[in-house]
> 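After the structure tokens below, expect a handful of questions from me.
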Amino acid sequence: MKFALSLLLLLCTTVSLSGQDLSGHWTGQLFQNNIGWYDFELQLTALGDSLYTGTSYISSERGSGTMSLRGFQDEDGFHFQESRIRDEHWTTMGWYWCLKSADLELIQRQDSLVLTGRWKGSGTCKPGHLHLAKFYIMPVITPAPVNPELSARQVETRDLLHVNNQEVEVDIWDHEQEDGDIASITLNGEVVLKDHLVTVQKHTFKITLAPGKNLLVLYAENLGTRPPNTAALTIHYDGITKTVVLNSDKTKSEAIEIMH
């Protein structure tokens, strides 16, 4: 198989699954190592005794597929195994779906339940990460403003982070030698830092993540004296500090994907 995987949150805690009804429609994304993201959905029905039956649905520009599955919940999480392919469609020859299994953790938020964790597939399928949500209140999604000149640039993902906190603190700084780089940063197409001179002194700003996949992009406003435009971004989340160095020029921008 070749796969691709709002509201203010005041609390994000891991809870026991034993008291949670997981029936209903779950939506999100599946990530496969070295392949990328696919849209993914679960439809679950409780059978009693912590057992579930249902279907999964996966799709991308290459095709789509629907699988039957069985699952159960315990104190460690929710576990499911697909049993057969019920339906599949392809636009790209030579690709195929495999049957997947997953061990997922439940996270309770004010607006939703989230299932997140690792999955693996049959045969030679590369494993990956799965992130799904079932909303109590459906979020209102409004288009983010995008600068046409910036959106025309190619965006390449440098790193992937899985973050529980909705609000995240970010430092931008020059990890080598100051050379006059000026950069802007967008989150999901919206400018969060504009025309910033990157220096060895860290500048701190905060971002608010949306449920699911977020894209934090570094755009070069100039190339400094030593191209390309380079900046280190230090992300503070879930008690972790991670530094990612991004390089951008006037045709290409590098980014960090953040799953929330």
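For the single chain, residues carry numbers from 1 onward in sequence order.
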> For the backbone of D195 and the side chain of S184, can you confirm whether one donor and one acceptor N or O come within less than 3.5 Å of each other?
yes
> If I take atom OH from residue Y219 and atom OG from residue S248, how far apart are they, to the nearest 0.5 angstrom?
8.5 Å
> Keeping H260 on the side-chain end and N164 on the backbone end, is there a donor-acceptor pair under 3.5 Å?
yes
> I'd like to know if the side chain of Q43 and the backbone of T55 have a donor-acceptor N/O pair within less than 3.5 Å.
no
> Say whether, by atom type as modelled, one donor and one acceptor occur between the side chain of S23 and the main chain of A46 under 3.5 angstrom.
yes
> How close do F40 and L130 get, heavy atom to heavy atom, and via which atoms?
CD2-CD1, 3.5 Å
> Please assess T230 against E176 for the test side-chain hydrogen bond (donor to acceptor under 3.5 Å, both in side chains), listing each intermediate value before the final yes or no.
CA-CA 9 Å; T230 302; E176 293 181 337; 5.9 Å; no
> Would R70 and L47 count as a side chain to side chain contact (heavy atoms under 4.5 Å, CB included) here? Give the steps.
CA-CA 10 Å; R70 291 269 181 164; L47 298 176; 3.2 Å; yes
> Whether the side chain of E178 engages the backbone of V200 through a donor-acceptor N/O pair (distance < 3.5 Å, no angle test) should be reported.
yes
> Let me check something: do L42 and Y57 share a hydrophobic cluster, defined by ILVMFWY side-chain heavy atoms less than 4.5 Å apart, either directly or through other members?
no
> Treating R153 as the side-chain partner and A220 as the backbone partner, does any N or O pair qualify as donor plus acceptor under 3.5 Å?
yes
> Give the ring-plane orientation class for Y52 versus F78, where under 30° counts as parallel, over 60° as perpendicular and anything between as tilted.
perpendicular
> So does P227 get a backbone contact from the side chain of N229, meaning a donor-acceptor N/O pair under 3.5 Å?
no
> Ignoring hydrogens and angles, tell me if any N or O in the side chain of T234 forms a donor-acceptor pair with the backbone of D171 under 3.5 Å.
no
> Roughly how far apart are Q166 CD and T208 OG1, rounded to 0.5 Å?
6.0 Å
> Less than 4.5 Å apart, side chain to side chain, heavy atoms only: is that true for L115 and E105?
no
> To the nearest 0.5 angstrom, please state how far the NE2 atom of H131 sits from the OG1 atom of T27.
9.5 Å
> Just how far is it from atom OG of S60 to atom CD1 of I58, taken to the nearest 0.5 Å?
7.5 Å
> Using 0.5 Å steps for rounding, measure from the CD1 atom of I172 to the CZ atom of F205.
6.0 Å
> Are L99 and I85 packed together at the side-chain level, in the sense that at least one heavy-atom pair is separated by less than 4.5 angstrom?
yes
> Check whether D74 reaches the backbone of D76 with its side chain - one donor and one acceptor, N or O, closer than 3.5 Å.
yes
> So, the side chain of D181 versus the backbone of A231: is there a donor-acceptor pair under 3.5 Å, distance only?
no
> As an exercise, state the distance from NZ of K100 to CE of M67, rounded to the nearest 0.5 Å.
4.0 Å
> Looking at V168, L246, D159, I207, which one forms a side-chain contact (heavy atoms from CB on, under 4.5 Å) with L216?
I207
> Below 4.5 Å, heavy atoms only, C-beta onward: do Q20 and L22 meet side chain to side chain?
yes
> Any chance you could lay out the side chain to side chain contact (heavy atoms under 4.5 Å, CB included) test for K213 and L215, step after step, and finish with the verdict?
CA-CA 7 Å; K213 183 171 69 173; L215 196 64; 5.9 Å; no
> Please answer: with hydrophobic residues joined when any side-chain heavy atoms are less than 4.5 Å apart, are V192 and L197 in the same cluster?
no
> Of all the heavy-atom pairs spanning N188 and A210, show the shortest one and how long it is.
ND2-CB, 4.3 Å
> Look at the side-chain heavy atoms of Ile, Leu, Val, Met, Phe, Trp and Tyr, link any pair under 4.5 Å apart, and say whether L69 and F72 land in one connected group.
no
> How close do N33 and G128 get, counting heavy atoms only, and between which atoms?
OD1-CA, 3.8 Å
> Within a radius of less than 6.0 Å around NZ of K120, do more than 12 heavy atoms belonging to other residues, nucleotides or ligands occur?
no
> Which heavy atom of E88 sits nearest a heavy atom of W97, and at what distance?
OE1-CD1, 3.4 Å
> Heavy atoms, side chains only, cut-off 4.5 Å: are L104 and W119 in contact?
no
> Return the minimal non-hydrogen interatomic distance between N222 and G180, and the atom names on each side.
ND2-O, 3.0 Å
> Using 4.0 Å as the upper bound for N to carboxylate O, is an ion pair formed by K252 and E254?
yes
> In the structure I gave you, are the side-chain heavy atoms of V163 and I235 within less than 4.5 Å of one another anywhere?
no
> Does one hydrophobic cluster hold both I182 and V217, with members joined at side-chain heavy-atom distances below 4.5 Å?
no
> Please determine whether residues L218 and W173 belong to a single hydrophobic cluster, defined as Ile, Leu, Val, Met, Phe, Trp and Tyr linked transitively by side-chain heavy-atom distances below 4.5 Å.
no
> Minimum heavy-atom separation for Q81 to S101, with atom names?
OE1-CB, 3.2 Å
